[in-house]
Amino acid sequence: MIEYHINIFWSEADGSWVADVPDLFPCSAFGETPEGALAEVMVAKAAWLESAEARGVPAPTPRYRPHSPAVARQGHAAG
């Protein structure tokens with residue numbers, strides 16, 4: 001399965017944790033904890049990809065990368 005970046009953040013407006021997959025717009029989910037939001041977005045991601053496949057739409061190539069120097073260094077060291 002293709003790996004996509006997932007954002008997890010607290011939403012004051014929603015009063016819950018939110019997880020989203022930027023490359024699969026709109027693919028997001030809510031949870032009472034960060035782990036709960038992650039679990040829910042994994043279900044949403046699978047449904048998103050299954051729906052795209054059923055419609056004959058190819059899975060998008062992962063493009064989104066967070067803008068973090070620490071992440072950039074990790075990616076460079078691995079590459």
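As the structure is a computational prediction, the values presented were derived from the model and not from experiment.
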Q: Please report the closest heavy-atom contact between G31 and S16, naming both atoms and the distance.
A: O-CB, 3.5 Å

Q. Should we say atom CZ of F9 is surrounded by more than 12 heavy atoms from elsewhere, each under 6.0 Å from it?
A. yes

Q.
Side chains of E50 and W48: any donor to acceptor distance under 3.5 Å?
A. no

Q | Side-chain heavy atoms of V41 within contact of D20, under 4.5 Å | A | no

Q | Side-chain donor/acceptor of D23 to backbone N/O of R63, under 3.5 Å | A | yes

Q: Verify the cluster assignment for L38 and Y4: are they in a single hydrophobic cluster under the rule of side-chain heavy atoms below 4.5 Å apart?
A: yes

Q: Report the distance from atom CD1 of I6 to atom SG of C27, rounding to the nearest 0.5 Å.
A: 8.0 Å

Q | Contact summary for S28 and A44, nearest pair of heavy atoms | A | O-CB, 4.2 Å

Q. Side chains of H5 and V21: does their closest heavy-atom pair fall under 4.5 Å?
A. no

**Q.** Interatomic spacing from CD1 in I8 to CH2 in W17 - rounded to 0.5 Å
**A.** 8.5 Å

